[in-house]
Amino acid sequence: IHVPADYATIQEAIDHAIDSDTILVAPGNYDLSAGIWNDRVNNLILMGSREEDGNNASIINAAVNPGTYVAIKFFGVTGCTIAGFEVKNAHSGISLENCQNCRITRNYIHDNDEANGCHGDGIEIFHCENIDVTLNIIDHNEFHGIELQYTTKNINIRDNTILQTSGNDGIVLYDYAENVTIKNNIIGYSNEEGIELVYLDPDSPINFVNDYNCFWQNGAGPIRSPFAIGPHSVLADPLLVDMANQNYYLKPGSPCLGAGENGANIGALGRSITEVSKAESQLPITFEMSQNYPNPFNAETRINYQLPEHSQVTIKIYNSLGREIRTLAKADKAAGYYTIHWDGKDNSGNQVVSGIYLYQIKARNFNCTKKLAVLK
């Protein structure tokens, strides 16, 4: 389902969707007079077009009636994904309630503030289980960047950049939160704590894990006592390229580079390839291939990779059975940073079917394979 080609609004598309549908929202500004709501369609993928650097964004803008409703709310559904949007000027950006096995990923959620000045969050998760919140930029929301409340269980908050929460905390966990993991996030410039934990029931089990996060200039400290930050966390300026102009990449020399779990960069964006090449003329020091973006994808996806030395490079796509279906690259490459695109076609020029595929790079002794998803 395409918006606006098939339906003029995102809500109309949801109202006509059935379980396991994908709604692809084209770049553009989508002014809201009421919140977007899904309480019916399971396994729905609601995907905007915003790229990692902010280009081609599907912008959900509540400026018509600012601060009075949640921009996107999913209630009582299972297996859904919300990805690739810019969300602003609402009461709260994205809310999940009574949901299971859902994912909020690769969104830019900012400047959400309840009109009455009480409770404007970037992301809200209430009465939910098995939720992933990953690779989002959550900036300048009024009350909390991310709020967990009311029997939320098995929540994974990873690889986000959470900044400038003007009222309270970067992340807050309220009563009965269980099995919460917070890793590889930049949490900075919150009015109060980076992470706050408030338990109304002192006997509530929590199993709370936090580590490999970067905390910087949170007004009441990185985390609320008596909890301590993980031993691998960073207490230093993350050195963002230009926060005032919404460039949240990391500068060369950032303490977040390679400081995350398993040597990953901390935060939603990691290193700015453009900034490094233009400002520093610095070649990479390691072989690396990134996760494709967007993922899942319909029409086209891109893969970034880097070479520290001149190499013969081969990049191929395989189906889930390990059969080669497309050779994307086979060439000599100088050291540097590269991007390659896949249009979802095989070597014969035919579009592949929906499913999980593997992409692999080989360069000298470097061999790396990752998964991607095609949705038609």
Side-chain angles (χ1 to χ4, degrees), residues 1 3 10-11 13-15 17-25 35-48 50 58 60 69-87 90-109 112 121-138 141 144-160 162 171-174 176-185 207 209 268 291 293-298 354 356 371-373 375:
I1 300 174
V3 176
I10 298 170
Q11 188 63 62
I14 292 174
D15 291 343
I18 61 174
D19 286 359
S20 300
D21 268 349
T22 296
I23 297 173
L24 300 174
V25 181
I36 296 167
W37 177 271
N38 175 34
D39 62 354
R40 181 183 61 83
V41 187
N42 295 309
N43 301 309
L44 176 70
I45 296 176
L46 179 62
M47 179 170 290
R50 184 180 185 275
S58 307
I60 297 177
Y69 46 80
V70 176
I72 303 175
K73 177 141 190 175
F74 280 22
F75 181 90
V77 293
T78 297
C80 294
T81 295
I82 301 169
F85 290 96
E86 180 177 344
V87 184
H91 166 305
S92 293
I94 297 175
S95 179
L96 301 180
E97 185 171 354
N98 291 334
C99 295
Q100 296 184 359
N101 305 317
C102 291
R103 182 173 62 148
I104 300 171
T105 185
R106 298 185 184 277
N107 301 286
Y108 175 32
I109 305 167
N112 295 288
D121 296 326
I123 294 175
E124 302 172 341
I125 301 174
F126 303 151
H127 296 294
C128 292
E129 295 187 22
N130 303 322
I131 306 297
D132 287 333
V133 179
T134 61
L135 298 166
N136 300 284
I137 302 165
I138 304 167
N141 298 285
H144 301 112
I146 300 174
E147 178 177 351
L148 310 181
Q149 195 164 173
Y150 309 123
T151 56
T152 53
K153 299 179 180 180
N154 306 327
I155 310 299
N156 179 43
I157 300 173
R158 183 183 290 266
D159 302 312
N160 302 283
I162 305 167
I171 301 173
V172 64
L173 287 70
Y174 282 105
Y176 300 104
E178 297 181 34
N179 299 330
V180 177
T181 298
I182 302 175
K183 288 185 176 181
N184 281 30
N185 304 280
N207 191 22
V209 176
Q291 184 64 47
Y293 184 83
N295 186 41
F297 79 98
N298 174 263
S354 298
I356 301 298
K371 293 181 180 180
L372 57 77
L375 291 170

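Because the structure is predicted, anything quoted here is derived from the model rather than measured.
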Please report the interatomic distance [atom1]([X]) to [atom2]([Y]), rounded to the nearest 0.5 Å.
{"X": "Asn141", "Y": "Ser92", "atom1": "CG", "atom2": "OG", "result": "8.0 Å"}
{"X": "Leu148", "Y": "Ile157", "atom1": "CG", "atom2": "CD1", "result": "4.5 Å"}
{"X": "Leu44", "Y": "Thr81", "atom1": "CG", "atom2": "OG1", "result": "8.5 Å"}
{"X": "Asn160", "Y": "Ile123", "atom1": "CG", "atom2": "CD1", "result": "6.5 Å"}
{"X": "Asp132", "Y": "Asn156", "atom1": "CG", "atom2": "CG", "result": "4.5 Å"}
{"X": "Tyr174", "Y": "Phe126", "atom1": "OH", "atom2": "CZ", "result": "9.0 Å"}

For Phe85 and Ile10, run side chain to side chain contact (heavy atoms under 4.5 Å, CB included): C-alpha distance rounded to whole Å, both residues' side-chain angles, the deciding distance at 0.1 Å, then the answer. CA-CA 12 Å; Phe85 290 96; Ile10 298 170; 4.2 Å; yes

Answer yes or no: is there a donor N or O on one side and an acceptor on the other, between the side chain of [X] and the main chain of [Y], under 3.5 Å?
{"X": "Glu147", "Y": "Gly122", "answer": "no"}
{"X": "Asp121", "Y": "His144", "answer": "yes"}
{"X": "Asp39", "Y": "Gly76", "answer": "no"}
{"X": "Asn101", "Y": "Thr78", "answer": "no"}
{"X": "Arg40", "Y": "Ala17", "answer": "yes"}
{"X": "Asn184", "Y": "Arg158", "answer": "no"}

Looking only at non-hydrogen atoms, find the nearest pair between [X] and [Y] and report the distance.
{"X": "Gln11", "Y": "Gly35", "answer": "OE1-O, 3.7 Å"}
{"X": "Ala373", "Y": "Asn295", "answer": "N-OD1, 2.9 Å"}
{"X": "Val41", "Y": "Ile14", "answer": "CG2-O, 3.9 Å"}
{"X": "Ala13", "Y": "Ile1", "answer": "CB-CG2, 3.9 Å"}
{"X": "Val209", "Y": "Lys183", "answer": "CG1-CE, 3.8 Å"}
{"X": "Ala90", "Y": "Asn112", "answer": "N-OD1, 2.8 Å"}

Evaluate side chain to side chain contact (heavy atoms under 4.5 Å, CB included) for Ile162 paired with Ile146, printing each intermediate quantity in order. CA-CA 8 Å; Ile162 305 167; Ile146 300 174; 3.8 Å; yes

Identified side chain to side chain donor-acceptor pair (under 3.5 Å) counterpart of Asn136 within the set Asn107, Asn185, Asp159: Asn107

If you define the side chain from C-beta out and look only at heavy atoms, does anything of Val77 sit under 4.5 Å from Asn38? yes

Evaluate the criterion side chain to side chain contact (heavy atoms under 4.5 Å, CB included) for residue pair Leu173 and Ile182; output intermediate values, then yes/no. CA-CA 11 Å; Leu173 287 70; Ile182 302 175; 4.1 Å; yes

Distance-only polar pair, side chains of Asp19 and Asn43, donor-acceptor under 3.5 Å: no

Step by step, would you call Thr22 with Asn298 a side chain to side chain contact (heavy atoms under 4.5 Å, CB included)? CA-CA 9 Å; Thr22 296; Asn298 174 263; over 6 Å; no

